[in-house]
Amino acid sequence: MKTGFCVFLAAFVALGASWFGFVYGPLKQLGVATETKVLQSDDKWPVQRTGDATLGLQVYRANGCAACHTEQIRQTGAANELSLMNLGVHQATDLKDFIASLLGTVPELMNFSNAVAGNLAGWKGELPKLIYSGADDTVVLLLGDKLKAVGVKTEARVVATGADIARMGWGVRQSVAVDYLYDSPVQLGNLRAGPDLANIGVRSPDLNWQLQHLYAPKSITPNSTMPAFRYLFTVKKIGAIPSPDALKLPLTQQPNEFTPPPGYEIVPTAEAKQLAAYLVSLKNNAPLYEAPFTPITAAK
Amino acid sequence: MNSAENNSVCSNEIDASCRVPLLALFGGAALWLVLGLALGIAAMLSFHKPDMFADCPFLSFGHAQAAANDLLLYGFAIPAALGVTLWIFARLSQSPLALPIVPVVAANLWHVGVLVGTVSILLGFSTGHPWLEYPRGASVLLFAAFMLIAVSAVTTMGFRLNRELYPSHWFLFAALLWFVWSYGTANLFLVCNHPPRGVVQAVIGWWLTNNLIFVWLALAGVGIAFYFLPKIAGKPLASSGYALFGFLTLVFFGTWVGIPQSAPVPAWLPTVSAFGALLSVIPVFALGIIARKTVWGAKVPCFGGPFCFIRFGMLSFIAANLFYISEFCPRASRVLDFTWFNAGVTQWQLLGFAGMILCGAIYEILPRVMDRELPFAKLAKLNFFLFAGGTLLFVIPLLIGGVEQGMKLRDANIPFADASAVALKFLRISTTGQLLVLLGALCLLLNIFVMTLQWKLGLLKTVVGVVKDSLVEGSAYRPLPGDKSACATLQRDEEVKP
């Protein structure tokens with residue numbers, strides 16, 4: 001490196017390359033994305049937010065909720081599942097024997113006999129009954145066909161796998177680029193001090209719940225470490241007509257630390273209401289081409 | 001000025017030309033460092049006592065955390081590094097600083113920008129993009145100030161007599177370009193009226209974050225270390241050939257890291273980043289080894305002096321960046337993503353690596369440019385021990401806690417609350433470390449502050465003296481300290497060239 005120009009050139013080329021890769025490339029590839037279709041439906045995805053929910057994103061941004069919460073679900077893979085839905089004329093015990101004989105005789109199924117038998121062990125006939133879950137779809141298709149032939153109804157499903165998905169209510173599939181199409185700024189977050197919120201609108205769709213949680217997280221989760229956002233609420237003397245927006249705190253025998261003094265009510269500010277509207281708009285429940293899963297019954 | 005005169009330019013004159021700009025840059029930087037650490041502690045209090053700021057929006061975690069992080073990077077690391085760069089360039093050029101008034105103005109612009117940015121975040125006007133939270137007004141100020149300082153630095157660099165560049169030149173010069181381009185791009189796209197739609201925003205954000213926190217800090221920190229280590233050890237840099245290799249691999253590979261493996265973006269982006277991260281192991285080791293070889297066997301009394309700072313900084317450079325790189329390893333990322341681990345690594349890079357080297361450099365430079373001893377030399381030593389112990393106590397619990405939290409988050413049968421609770425006890429230790437770092441930063445601030453005061457008092461005395469003399473004798477001119485004609489013959493240190 002003899003001259004400043006050489007250094008300049010090296011740095012220019014190096015940073016220029018990554019600029020093309022990580023700024024220009026994504027702008028061209030993702031910046032022009034448009035909404036997609038929800039699988040097996042005519043609905044469009046993502047749904048554009050309206051009114052309060054749109055403003056709520058700005059409240060979320062301004063208060064830095066993303067410092068503690070992510071809005072992205074990860075998935076490690078996908079599994080094919082087969083469940084028994086209706087046994088028709090059969091009894092649980094003879095169906096078990098029938099399946100065991102299939103697993104013992106059909107060559108393609110032999111590899112899976114342990115897995116299926118394990119699922120059926122101790123089964124007394126409760127429905128629906130998951131009999132196979134795994135990467136392979138031969139079992140699902142073949143066994144499903146064979147059972148259909150004898151009048152047993154089964155359901156084949158594709159499900160996303162991974163810890164995020166397994167946590168009930170966090171979401172049913174991974175987050176993909178198109179989910180964020182209408183978010184600005186995109187609030188992905190990078191720390192899970194609190195739960196992921198990508199699907200909070202499905203998990204807790206009740207506005208009053210959201211408001212109460214914001215006002216006093218501990219009133220809902222007793223050992224919550226989420227800070228209360230009391231500054232988004234005002235404590236008001238109840239006037240001639242009580243405010244229609246006032247928080248409906250759960251009725252308790254004794255007033256506790258969260259209940260306002262008698263004659264007072266807790267009224268959410270406009271910001272709090274917008275934030276709650278935004279939260280219930282967060283959903284991760286539509287199957288997409290990029291992230292497929294089977295949402296509804298596809299019984300054979 | 002003829003060439004004979006030019007050669008006789010002595011370090012004193014160079015130092016004097018840097019005095020005011022460096023005071024402006026370092027003084028502000030030290031103040032922001034203290035405020036940033038204090039705000040960081042305030043933010044962490046939310047975890048020790050969640051409802052502490054329930055009625056006080058400004059200090060709630062989401063506000064304080066972002067403001068604190070930005071203060072460490074934009075408030076402290078960047079202006080301090082710029083100050084050191086100016087001085088190193090002047091020294092290497094054997095010439096006084098070019099346009100010394102420009103960096104003084106720029107430093108003030110910069111600090112106003114940081115102030116505006118911080119207040120905006122606390123009031124809820126953050127842009128919502130990590131590491132780019134400052135709203136437009138503030139970032140325009142920062143950008144303009146940076147450009148001005150860069151102009152002064154590059155002009156000074158152009159004054160050098162020896163055409164050949166020293167390795168520190170490459171690193172520090174590249175750092176100037178790096179910031180302008182990446183910060184400019186990110187602001188242009190994200191902090192404008194029509195940002196791109198959707199997740200591209202996050203991708204650009206990650207690109208910027210990596211280019212600042214990993215590449216920029218590495219360029220600046222290593223560039224500074226490569227200037228001071230040979231001087232302190234009294235040996236030439238262990239091969240500028242290797243340094244060139246380290247430099248090129250750093251800029252060519254390092255810039256591709258940054259996209260998290262779990263990111264909801266097309267798969268090629270995280271994959272490229274994983275490769276970039278893998279390759280970035282090379283410069284991290286290469287540069288670390290060069291530093292090690294340079295000081296190997298040198299008998300330098302160190303006890304808390306600048307050498308200690310810089311050596312600790314280079315060790316942190318290797319450790320912190322290897323942990324950083326591990327975040328982008330697909331397997332490890334499944335555990336580490338979304339945990340405290342990332343925050344711990346970033347703080348290590350910012351404080352343990354860049355912060356350490358910068359403090360060491362400031363303590364080395366200040367007595368020279370001010371032409372007086374540090375007012376509290378003992379506190380400077382204490383600063384080292386507080387910083388070293390504090391950063392480790394600050395970040396290591398975050399790393400361990402992050403891994404434990406990540407293991408628990410991976411298991412859907414463990415309730416979420418348990419995964420958070422496990423991190424909590426580590427956070428308590430971590431905050432103690434943060435407190436120690438804050439005390440260390442106070443030592444720095446006190447030294448700079450008192451030095452500035454002493455200097456101003458000295459100036460006042462001289463001025464009063466001159467006025468008095470002229471009244472009494474009617475005679476005019478008496479040289480001020482640091483004036484060219486007062487240039488002492490004493491040449492404090494020869495440049496150690498490879």
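Note on naming: letters A, B, ... go to the chains in the order of the sequence lines (proteins, then strands), and numbering restarts at 1 for each one. Everything quoted here is computed from the prediction, not taken from an experiment. The figures here come from the full heavy-atom set of this structure, side chains too, leaving out hydrogens, waters and symmetry mates.
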Between A:Arg167 and B:Asp411, is there a donor-acceptor pair closer than 3.5 Å when you use the side chain of the first and the backbone of the second?
yes
Going from NZ on B:Lys49 to OG1 on A:Thr225, what distance comes out if it is rounded to the nearest 0.5 angstrom?
14.0 Å
Among B:Leu123, B:Leu176, B:Thr339, which residue has the highest count of heavy-atom pairs closer than 4.5 Å to chain A?
B:Thr339
Which atoms of A:Gln58 are under 4.5 Å from chain B, going by heavy atoms: the side chain, the backbone, both sets, or neither?
neither
Part of A:Thr70 within contact of chain B (heavy atom distance under 4.5 Å)
side chain
A:Trp170 versus chain B, heavy atoms under 4.5 Å apart: side chain, backbone, both or neither?
side chain
Atom group of A:Ser224 that falls short of 4.5 Å from chain B, counting heavy atoms:
backbone
Using ring pair (Phe, Tyr, Trp, His ring centres under 6.0 Å) as the criterion, list what pairs up with A:Tyr60, not counting sequence neighbours.
A:Tyr278
Toward chain A, the part of B:Pro260 with a non-hydrogen atom under 4.5 Å
neither
Taking the ring centre of each residue, are B:Trp206 and A:Phe22 less than 6.0 Å apart?
no
If we count only N and O atoms by modelled type, under 3.5 Å, do the side chains of B:Ser262 and A:Gln72 hold a donor and an acceptor together?
no
Between atom CD of B:Gln405 and atom CG of A:Leu191, what is the distance when rounded to the nearest 0.5 Å?
6.5 Å
Please identify each residue that fulfils ring pair (Phe, Tyr, Trp, His ring centres under 6.0 Å) with B:Phe125, with sequence neighbours left out.
none
Least distance between heavy atoms, A:Ala14 atom then B:Thr255 atom
O-CG2, 3.8 Å
Pick from A:Pro46, A:Gly16, A:Pro195, A:Gly189 with the largest number of heavy-atom pairs that fall under 4.5 Å of chain B:
A:Pro195
As an exercise: rank B:Leu269, B:Val215, B:Asp55 by heavy-atom pairs under 4.5 Å with chain A and give me the winner.
B:Asp55
Side chain from CB out, backbone as N, CA, C, O: work out which of these in A:Tyr215 comes under 4.5 Å of a heavy atom of chain B, or both, or neither.
neither
Holding to side-chain hydrogen bond (donor to acceptor under 3.5 Å, both in side chains), I want the full list of residues that pass it with A:Ser281, two or more places apart in sequence or in another chain.
A:Arg49
Answer whether the closest heavy-atom distance between the side chains of B:His63 and A:Asn63 falls below 4.5 Å.
yes
Most heavy-atom pairs under 4.5 angstrom with chain B, which of A:Gly25, A:Gly64, A:Ala228?
A:Ala228
What closest approach, in Å, do B:Gly128 and A:Pro185 show between heavy atoms, and which atom pair accounts for it?
CA-CG, 4.4 Å
What are the two closest heavy atoms between A:Ala62 and B:Gly124, and how far apart are they?
CB-O, 3.2 Å
Segment of B:Met157 engaging chain A (4.5 angstrom heavy-atom cut-off):
side chain
Looking only at heavy atoms, what is the nearest atom pair of A:Ala11 and B:Trp178, with distance?
O-CZ3, 3.6 Å
Of B:Asn342, B:Leu409, B:Leu424, the largest count of non-hydrogen pairs under 4.5 angstrom with chain A goes to B:Leu409
Do you know the tightest heavy-atom contact between B:Pro50 and A:Met226?
CB-O, 4.1 Å
Can you find a pair of side-chain heavy atoms, one from A:Arg74 and one from B:Phe338, that are under 4.5 Å apart?
yes
Heavy atoms from other residues, nucleotides or ligands near CZ of B:Phe416 exceed 12 (cutoff 6.0 Å):
yes
Can you tell which part of A:Gln174 gets under 4.5 Å to a heavy atom of chain B, answering side chain, backbone, both or neither?
neither
Taking all atoms of both residues into account, what is the closest heavy-atom pair of A:Ala177 and B:Val265, and its distance?
CB-CA, 4.4 Å
Which atoms of B:Glu133 are under 4.5 Å from chain A, going by heavy atoms: the side chain, the backbone, both sets, or neither?
neither
Go through the atoms of B:Val257 and report whether side chain, backbone, both or neither lie under 4.5 Å from a heavy atom of chain A.
backbone
If you tally heavy-atom pairs under 4.5 Å against chain A, which of B:Gly62, B:Pro57, B:Ser126, B:Ala174 wins?
B:Pro57
Can you say whether B:Ser333 sits under 4.5 Å from chain A via the side chain, the backbone, both, or neither, judging by heavy atoms?
backbone
In terms of heavy-atom pairs under 4.5 Å with chain B, the winner among A:Glu290, A:Lys218, A:Gln75 is A:Lys218
In terms of heavy-atom pairs under 4.5 Å, which option from A:Pro217, A:Ala216, A:Ala17, A:Ala66 contacts chain B the most?
A:Ala17
Non-hydrogen side-chain atoms of A:Thr34 and B:Arg197 separated by less than 4.5 Å:
yes
Taking heavy atoms only and a threshold strictly under 4.5 Å, list by residue number the residues of residues 229-237 of chain A that touch chain B; give 'none' if the list is empty.
A:Phe229, A:Arg230, A:Tyr231
Who among B:Trp268, B:Trp181, B:Phe189 has the most heavy-atom pairs with chain A under 4.5 Å?
B:Trp181
Check each atom of B:Ala263 against the heavy atoms of chain A and say whether the ones under 4.5 Å are side chain, backbone, both or neither.
backbone
Does any part of the side chain of B:Ser60, heavy atoms only, come nearer than 4.5 Å to the side chain of A:Pro227, both counted from C-beta?
no
With a 4.5 Å cut-off on side-chain heavy atoms, are A:Leu188 and B:Pro264 touching?
yes
Leading residue by heavy atom contact count with chain B [cutoff under 4.5 Å; candidates A:Gly162, A:Ala193, A:Ala33]:
A:Ala193
With distance as the sole test, does B:Gln65 use its side chain to make a donor-acceptor pair with the main-chain N or O of A:Cys68 at under 3.5 Å?
no
Using 0.5 Å steps for rounding, measure from the CG atom of B:Leu165 to the SG atom of A:Cys6.
8.0 Å
Top residue by heavy-atom pair count (under 4.5 Å) with chain A, among B:Ile259, B:Asn413, B:Val154, B:Asp337?
B:Ile259
I would like to know whether B:Asn211 and A:Ser18 meet side-chain contact (heavy atoms from CB on, under 4.5 Å); could you show each step before the answer?
CA-CA 10 Å; B:Asn211 275 316; A:Ser18 89; 4.2 Å; yes
Exactly one of B:Val203, B:Thr185, B:Leu188 clears side-chain contact (heavy atoms from CB on, under 4.5 Å) with A:Val23, and that residue is B:Thr185
